[in-house]
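Quick notes on the structure that follows.
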Protein chains: 2
Amino acid sequence: MIIDCHGHYTTAPAALGEFRAAQLARLDDPGRPEPSPAPVSDEQIRESIENNQLLLARERGTDLTIFSPRASAMGHHITDTGTAVAWARVSNDLVHRVTRLFPANFAGAAQLPQVAGAPLDDCVVELERCVTELGFVGCNLNPDPSGGYWTSPPLTDEYWFPLYEKLTELDVPAMIHVSASCNPAAHTLGAHYLNADTTVFMQLISGDLFGRFPDLRFVIPHGGGAVPYHWGRYHGLVTREKRPPLDGHVLRNVFFDTCVYHQPGIDLLTSVIPAANILFASEMLGAVRGDNPETGASWDDTKRYVDKAGLADDDLRAIYSGNARRVYPRLAALGESA
Amino acid sequence: MIIDCHGHYTTAPAALGEFRAAQLARLDDPGRPEPSPAPVSDEQIRESIENNQLLLARERGTDLTIFSPRASAMGHHITDTGTAVAWARVSNDLVHRVTRLFPANFAGAAQLPQVAGAPLDDCVVELERCVTELGFVGCNLNPDPSGGYWTSPPLTDEYWFPLYEKLTELDVPAMIHVSASCNPAAHTLGAHYLNADTTVFMQLISGDLFGRFPDLRFVIPHGGGAVPYHWGRYHGLVTREKRPPLDGHVLRNVFFDTCVYHQPGIDLLTSVIPAANILFASEMLGAVRGDNPETGASWDDTKRYVDKAGLADDDLRAIYSGNARRVYPRLAALGESA
């Protein structure tokens, strides 16, 4: 059993994108009617999954993907709360249909209707709906809803606490995941995503969030951004800033995924981060597609790298499924299949 | 001969900080007189260096450090151009005195009087002064003078071209180095520095800057931020975005330093980045001080890691001095000692 904790519905039927376009058009011209998504058939959803994520999962030998809407399209920089709520609902409902059509292969993770600078009430409501009504097992949390200008307080600030209360009440984790960059200085996939991972890890080191929320769990994607590569730097900074050691502090609540697309990167990740803090993931279909010409294998076939990282069997089992079951306990409620 | 391409005068005599404080006080109260730095004796400078950077360099066996003012104190977010010009001059003049007192051990790299949103004319003037009058061999270039809000255009934008013209005319490289973060979301040493390195590398991939400035050279510090750890991701993004391969494009003009403070990080850096693109550096005295309790060695004693990275002798020589001589050709003009 191999659980991929980080997949996105980047192949959703065109009706989803058309709905979003109609939403944005209405923001420009409020005289337009409020849009509704065009019907999407089960057949359209099946095709969009079976020819893409599921095809690759079967080829590569992974079983269950924790699946969320396309991260780059979350669009939290758009400041109309009604638009954000409707967009999250429609996006999550479509993911829910994927999980119903392929219950053995997909579990849902919610897009939250965040709006830069706005309270998180709508996010709490949508999270609860997704978990209690749709059977989702987690969500994505955007630490920079401004889209590259970093106008929100750090994740240790009480601004975020209402969401943390709901996350812990529901016993679901959040994956830290920004949306597209609106900032011409920061490329979405090659800078903003990785920077957010790095930034949040340092926020968590600097604060005492897990003293207040001891059961809160965050998954930092993309292999933790720059963090494992600079593990010595973080140890040194912890000493310099008189913070608790990483092992007894953030590593109780923070986990890294394996979305690192070459063997030396996975070797580094698995050599410096305890196996108990690593969750297998591929980001399929995500930032990077295509094949490494030197190996002929897909860049994002992360299972190849993890298999070759020289891990002990116990560690491999933990990374492939044990840790995910622990971090996402609601997977168990999905029944035999999960 | 071992050249450390990244050192900062973080131990400058107190008069420098007092001058800065007086500058900032005058911005709050323009009725105050324009400050002048208090005299600093040669003896004060000798002490500040011999008991710190030079002591460690001798212990660790490095010879020449390319030395610039404290990066976190550059303060480019302060929008008064006169203040920026005076601060850069005073800071650079003090580094110049270090290079005169210890010509065998230090070569200068300039702080530029950047101001977020302002033209670069003052930077061009100060760069020329530092190189032609003070014998400096490079400079630090801040891609985000706003201090964590990323309000400047990418480094591929023509906004930056006047500086690039002067850099190529003088045949000196720029190290990409931000100053302190003013953004509570982004910790200076644990996020902002690394994010800037990552961000700029992706800017350079996305643009065609080196077609326009084929002799322009950038050193990306802190081991390239997240870049080498995600080397597969960058290869994949280059393919996805139809950019030229890394080898024939950015790697002709971009170099990484070795400020990565643990063995697995240096092993990764030296295994994925060509040796011709790596310059030895320690960041002394920089972000991280203190010792790794597991090894008893200082975190920032990067020579230990490079020595143990299993490099061929030719590669080791290139990383320790050959590449620095190529990237910083004005080192040769400093005479026998360099």
Side-chain angles (χ1 to χ4, degrees), chain A residues 143-144 148-155 157 183-187 189-192 194-195 197-203 205-206 222-223 225-237 239-241 259-265 267-269 271-272 287-292 299-300 305, chain B residues 143-144 148-155 157 183-187 189-192 194-195 197-203 205-206 222-223 225-237 239-241 259-265 267-269 271-272 287-292 299-300 305:
Chain A
D144 173 29
Y149 293 97
W150 291 93
T151 56
S152 289
L155 288 189
D157 189 274
N183 187 327
H187 187 279
L189 305 173
H192 188 45
L194 304 177
N195 291 349
D197 305 334
T198 308
T199 299
V200 164
F201 187 74
M202 192 64 208
Q203 290 176 358
I205 285 182
S206 305
H222 320 110
V227 171
Y229 176 46
H230 288 283
W231 202 232
R233 186 179 186 91
Y234 288 99
H235 276 289
L237 286 172
T239 306
R240 177 186 171 128
E241 306 217 336
C259 292
V260 179
Y261 299 138
H262 62 154
Q263 191 67 50
D267 290 346
L268 177 116
L269 172 69
S271 74
V272 303
V288 172
R289 304 180 196 172
D291 301 334
N292 179 347
W299 289 109
D300 66 357
Y305 314 132
Chain B
D144 174 28
Y149 294 97
W150 290 92
T151 56
S152 288
L155 288 189
D157 189 274
N183 188 327
H187 187 280
L189 304 173
H192 188 44
L194 304 176
N195 292 349
D197 305 334
T198 308
T199 298
V200 163
F201 187 75
M202 192 64 207
Q203 290 176 356
I205 286 181
S206 305
H222 321 110
V227 171
Y229 177 48
H230 288 283
W231 202 231
R233 186 178 187 91
Y234 289 97
H235 277 290
L237 286 172
T239 307
R240 175 186 173 130
E241 306 217 335
C259 292
V260 178
Y261 300 138
H262 62 153
Q263 190 67 49
D267 290 347
L268 177 115
L269 172 69
S271 73
V272 303
V288 171
R289 305 181 196 172
D291 300 335
N292 180 346
W299 290 108
D300 66 357
Y305 314 132

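All chains are named by letter (A, B, ...) in the order of the sequence lines, taking the proteins before the strands, and each is independently numbered beginning at 1.
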Which atoms form the tightest heavy-atom contact between A:H230 and B:H222, and what is the distance? CE1-O, 3.1 Å
For B:N183 and A:W150, the nearest pair of non-hydrogen atoms, with its separation, is ND2-O, 2.8 Å
Quick one: pull up NE2 in A:H262 and OH in B:Y229 and give me the separation to the nearest 0.5 Å. 8.0 Å
Which atoms of B:S271 are under 4.5 Å from chain A, going by heavy atoms: the side chain, the backbone, both sets, or neither? side chain
Heavy-atom proximity to chain B below 4.5 Å, by part of A:L269: both
Counting only heavy atoms closer than 4.5 Å, note whether A:Y149 contacts chain B via side chain, backbone, both or neither. both
Under 4.5 Å heavy-atom distance to chain A, tell me which part of B:R240 shows up: side chain, backbone, both or neither. side chain
Which one, B:L189, B:V272, B:V227, leads in non-hydrogen pairs under 4.5 Å with chain A? B:L189
Contact class of B:L155 relative to chain A, heavy atoms under 4.5 angstrom: neither
Distance check, rounded to the nearest 0.5 Å: B:Y234 atom OH versus A:W299 atom CH2? 13.5 Å
Under 4.5 Å, counting heavy-atom pairs only, tell me which of B:L194, B:T198, B:T199 racks up the most with chain A. B:L194
Between CE on residue A:M202 and NE2 on residue B:H192, distance to nearest 0.5 Å: 14.0 Å
In terms of heavy-atom pairs under 4.5 Å, which option from B:A186, B:P228, B:S152, B:P143 contacts chain A the most? B:P228
Turns out that what part of B:E241 lies under 4.5 Å from chain A's heavy atoms comes down to side chain
Looking at every heavy atom in both B:P184 and A:P154, which two are closest together, and how far apart are they? O-CG, 3.7 Å
With a 4.5 angstrom heavy-atom cut-off, could you sort out which part of B:L268 is near chain A: side chain, backbone, both or neither? side chain
